[in-house]
There are 2 protein chains.
Amino acid sequence: MGRIEYKQYDRFLLAVDCIIFGFDGSGLKALLVKRGLEPEAGKWSLMGGFAQQNESIDDAAARILLNLTGLDKIYMEQLYCFGDLDRDPGGRVVSIAYFALIKIDASDNDKLEEHQAKWIDLKKLPPLVFDHKRMIKLAKERLQQKVSNHPVGFELLPHKFTLQQLQALYEAIFERSFDKRNFTRKILSLGILQRLDEKEKASSKKGAFYYVFDKKKYKQLESEGIQMI
Amino acid sequence: MGRIEYKQYDRFLLAVDCIIFGFDGSGLKALLVKRGLEPEAGKWSLMGGFAQQNESIDDAAARILLNLTGLDKIYMEQLYCFGDLDRDPGGRVVSIAYFALIKIDASDNDKLEEHQAKWIDLKKLPPLVFDHKRMIKLAKERLQQKVSNHPVGFELLPHKFTLQQLQALYEAIFERSFDKRNFTRKILSLGILQRLDEKEKASSKKGAFYYVFDKKKYKQLESEGIQMI
DNA sequence: GCAAAAGTGTTCGTTATACACCCATGA
DNA sequence: TCATGGGTGTATAACGAACACTTTTGC
């Protein structure tokens, strides 16, 4: 069985664009770069690149993320394939968008500078090339949906975090506020948080307990379908 | 701004594969064809084809669906992009899967025969080429999710239908049974069904009222986020 | 001792679930 | 008149939403 059967069909450039989310304690942020390629070079853009024949699309996405952030083994999920005729004025390019969740201070600053990358609050997005704003919008909706049913939000927080940080994250993702008592009760009742003896003392005199996410307990629940919010 | 900037990058064959769902009153069905192309010609397969440069990916999906069923303006949604290296032994092909919901008796039978297409119960799937079984599995999960929040199930039923038909559809999609009284109350409370004066008399002596889906009422609710099940 | 954030319970309304009988009709 | 599927109500449990005060401690 050869690899020649399909030669008469059209071939496409495949871009992979990454919506990289981060959280710094206040707003939800996306990591944007200054586009290095014509057309539209110098404009704000998602980090992207072209897929190569010798890698899967998932691998291409991981490569592009690694290239920008120096990070590996990151939570990443395919978002959508954008295939409109005229989405890229530089040519017929079909783009497969991925979204990633990273700890905002874990990435390699030298690499970020290389690409003139910046964390930009989702509420203050500058004009973006092509259909990248639409991609971010869709990614945010998917993140909301995802985080409602799966504890992926922890990917955006430091290893240990306070309940207030967690709540601030949810409030940033959903752009609404939650009642502190209800939120705490709900989250703790899931049984996937483990309280440490250690307290965060920087932001209050009393100090707030740190928690860590207990992946083992979560895995038990995952199959049953968890309701986070 | 020319269309030459990207010429040094790899190009890909893009397949579009359609998971076409139908419902015949008992089980949930998928429309499968005998593959007409090497490799694996003659094996059961999803209906698919290659995308062309002069059409959007969405248009390619619509073209492929039309080609098989003769149907147009069908509920269709992009499912996922499958991009593993070795998913198609005939070559490096990235496939974008779409799922469609059609009324099972609306399609053009001549066209179905041309492609040796058959409606096959999802619980009795034969071996399928490539990763098509995985595509169907994912499509079913997405359908369940979709139908929980949006009244797309109506796309699978005749224009007028009884509550029992609707319940049977939901039971087929979710592979579980619902309590008749609770189901009826829930569905009617949404206010998107309109009862006709007409009854279906074939399957009972008393006869069951026909309902139609009131799209206008639904559109009002849609933005708020509806909870179907 | 006071300012500032942490932590904690109760009430109420809504929603989901479980469950069984009468109705209308054609044969 | 009886067999068949159609149609309907109620009681209980679970969950989500609203709401305010006490605790700790560094200054």
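Residue numbers start from 1 in every chain, and the chains themselves are labelled A, B, ... in the order their sequence lines are given, proteins ahead of strands. Every value quoted in this text rests on a predicted model; they were computed, and no experiment measured them.
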Atom-pair distance (NZ on B:Lys180; P on D:dG5), nearest Å = 11 Å

query = Nearest to the side chain of B:Lys206 - D:dG5, C:dG7, D:dA20?
reply = D:dG5

key: Nucleotide of C:dA3, D:dG5, D:dG9 approaching A:Lys205 most closely (side-chain heavy atoms)   = C:dA3

Atom pair distance, as rounded to whole Å: CG in B:Asp179 and P in D:dA11 = 16 Å

ask   = Whole-Å distance between C:dA24 C1' and B:Glu200 CD?
value = 15 Å

inquiry  = What's A:Ser203 touching, base or sugar-phosphate or nothing? Going by heavy atoms closer than 4.0 Å.
reply    = sugar-phosphate

ask   = Taking everything shown except A:Lys118 itself, do over 12 heavy atoms lie less than 6.0 Å from its NZ?
value = no

request  = Could you tell me whether the phosphate oxygens of C:dG7, OP1 or OP2, come under 4.0 Å of any side-chain nitrogen or oxygen in A:Gln164?
outcome  = yes

ask   = Choosing from C:dA5, C:dG9, C:dT17, which nucleotide comes nearest the side chain of B:Asn182?
value = C:dT17

message = Using a 3.5 Å distance criterion without hydrogens, assess whether the side chain of A:Arg142 forms a donor-acceptor pair with backbone atoms of A:Leu79.
response = yes

query = Is B:Lys199 atom NZ crowded by more than 12 heavy atoms from other residues, nucleotides or ligands, each under 6.0 Å away?
reply = yes

query = Which one, C:dA20, C:dT17, D:dA18, comes nearest to the side chain of B:Arg185?
reply = C:dT17

